[in-house]
Amino acid sequence: MEFKNILVEQKENIAVITINRPTKLNALNKSTIEELHEAFKNLDANTKVKVIIITGSGEKAFVAGADISEFANYTVEKGQELARIGQELLFDFVQNLSTPVIAAINGFALGGGLELAMASHFRVASTNAKMGLPEVSLGVIPGYGGTQRLPQLVGKGKAMEMIMTAGMISAEEAKDWGLVNYVVEQEELLPFCKKIAGKIIRNSSVAIAAAIKSINANFNNAVNGFDIEIEQFGKSFGTNDFKEGTTAFLEKRKPNFE
Ligand code: COA
């Protein structure tokens with residue numbers, strides 16, 4: 001698949017996906033969502049790729065939301081379909097990816113943009129970033145998981161306030177609220193995320209995939225997270241990485257994971 005709306009760059013074990021519609025502040029239209037699905041799927045299947053960083057092009061926006069021009073005339077049924085397909089192809093897909101995904105929020109992360117950042121495994125923002133879920137100002141609600149993931153990250157009261165006011169919060173506020181892990185200068189954003197990625201890639205990617213599954217289970221009412229943890233913990237003992245990790249420790253050397 002040839003990409004028109006995104007750029008994908010891979011250097012050794014780290015891949016960077018850049019959403020590249022700067023004149024529309026990287027708004028997520030249907031084809032961008034399809035391209036992102038394809039890119040995440042391919043990178044996840046590539047065993048060389050150990051961390052994926054997602055960011056927006058330009059200095060102004062990560063993603064300014066779903067593309068409003070595309071859904072302005074939708075019916076009730078088409079609205080539901082938009083949310084369902086989007087969640088399946090991108091937002092749930094990213095959350096459940098085996099490869100760690102870091103959102104590098106380089107500017108506005110609004111609506112679907114903040115929802116994409118929240119579906120990522122964790123977030124780093126640049127000092128100029130602004131975050132919000134402004135949907136109710138358009139007469140709609142967040143439809144890409146925002147009403148579910150925002151309370152998980154910042155608590156119910158703050159999520160209620162953010163969604164009801166349709167307001168934006170600064171990067172520093174987002175850090176205080178637990179929505180982003182770090183705030184750095186814009187030119188430092190990608191190098192900083194790559195530095196964290198560098199710490200991740202030293203570890204067993206098989207074990208990291210199991211940890212992602214177990215942590216996500218904490219937020220899935222249909223399963224018991226402790227049971228998933230027990231299952232994933234047990235499975236680790238059957239992996240080559242476990243043999244290598246424990247042997248390397250006992251031999252006082254660095255592990256060489258698969
Ligand atoms: N969907 C479609 N187009 C969008 C968009 C979106 N979510 N966000 C921005 N754009 C487009 C604008 O329409 C404009 O296009 P144009 O030049 O063809 O008119 C371009 O991106 C630049 O945006 P503009 O509004 O001129 O920039 P600004 O600096 O004045 O304002 C924002 C920046 C982010 C405050 C403003 O663009 C905005 O409020 N966007 C919508 C945010 C939103 O409600 N998102 C949730 C959607 S559910």
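In listed order, ligands and their atoms are each counted from 1. Keep in mind that the numbers below use all heavy atoms, side chains included, and drop hydrogens, waters and symmetry copies.
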Which part of [X] is near ligand 1, with near meaning a heavy atom under 4.0 Å away: side chain, backbone, both or neither?
{"X": "Ala27", "answer": "side chain"}
{"X": "Leu110", "answer": "side chain"}
{"X": "Thr23", "answer": "backbone"}

Measuring to protein heavy atoms, does anything land under 4.0 Å from [atom]?
{"atom": "atom 39 (O) of ligand 1", "result": "no"}
{"atom": "atom 44 (O) of ligand 1", "result": "yes"}
{"atom": "atom 15 (O) of ligand 1", "result": "yes"}
{"atom": "atom 1 (N) of ligand 1", "result": "yes"}
{"atom": "atom 20 (C) of ligand 1", "result": "yes"}
{"atom": "atom 36 (C) of ligand 1", "result": "no"}
{"atom": "atom 25 (O) of ligand 1", "result": "no"}

Taking the side chain from [X] and the backbone from [Y], do they hold a donor-acceptor pair closer than 3.5 Å?
{"X": "Asn26", "Y": "Arg21", "value": "yes"}
{"X": "Ser236", "Y": "Gln232", "value": "yes"}
{"X": "Gln10", "Y": "Lys48", "value": "no"}
{"X": "Asp227", "Y": "Val223", "value": "no"}

Tell me the protein heavy atom at minimum distance from [atom], and give that distance in Å.
{"atom": "atom 10 (N) of ligand 1", "result": "Lys24 O, 3.8 Å"}
{"atom": "atom 46 (C) of ligand 1", "result": "Pro134 CG, 3.8 Å"}
{"atom": "atom 23 (O) of ligand 1", "result": "Leu25 CD1, 3.6 Å"}

**Asked** Hey, is ligand 1 close enough to Gly111 that some N/O pair sits below 3.5 Å?
**Response**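 N/O-N/O distance below 3.5 Å does not exist for this pair.
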
**Message:** Quick check: Glu135 and ligand 1, any N/O pair under 3.5 Å apart?
**Reply:**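 No, no N or O pair falls under 3.5 Å.
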
**Asked** Between the side chains of Ser170 and Glu173, is a donor N or O closer than 3.5 angstrom to an acceptor N or O?
**Response**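 Result is yes, a qualifying pair exists.
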
**Item:** Modelled atom types, side-chain donor and acceptor of Ser126 and Asn128, under 3.5 Å
**Value:**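 Judged by distance alone, the side chains do pair up.
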
**Prompt:** Can the ring centroids of Phe192 and Tyr182 be said to lie less than 6.0 angstrom from one another?
**Reply:**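 Between Tyr182 and Phe192, which both carry aromatic rings, the centre distance is below 6.0 Å.
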
**Asked** Which one of Pro142, Ala64, Pro22, Gly65 has a non-hydrogen atom at the shortest distance from atom 42 (C) of ligand 1?
**Response**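 Looking at heavy atoms only, the winner is Ala64.
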
Could you check whether [X] pairs with [Y] (Lys NZ or Arg NE/NH1/NH2 to Asp/Glu carboxylate O, under 4.0 Å)?
{"X": "Lys30", "Y": "Asp67", "answer": "no"}
{"X": "Asp92", "Y": "Arg149", "answer": "yes"}
{"X": "Glu244", "Y": "Arg253", "answer": "yes"}

**Prompt:** Should you measure from each heavy atom of Asp67, which atoms of ligand 1 turn up under 4.0 Å away?
**Reply:**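 In order of number, 1 (N), 2 (C).
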
**Prompt:** Numbering the atoms of ligand 1 from 1, which are under 4.0 Å from a heavy atom of Leu138?
**Reply:**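 Heavy-atom distances to Leu138 below 4.0 Å select 44 (O), 47 (C), 48 (S).
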
**Message:** For Lys60, state whether at least one heavy atom is located under 4.0 Å from any atom of ligand 1.
**Reply:**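 It does; at least one heavy atom falls under 4.0 Å.
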
**Message:** Is the shortest side-chain heavy-atom distance between Phe62 and Phe108 below 4.5 Å?
**Reply:**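 A side-chain contact under 4.5 Å is absent here.
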
**Asked** Tell me, do Leu114 and Met162 make a side-chain contact under 4.5 Å, heavy atoms counted?
**Response**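 Yes - at least one pair of side-chain heavy atoms lies under 4.5 Å apart.
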
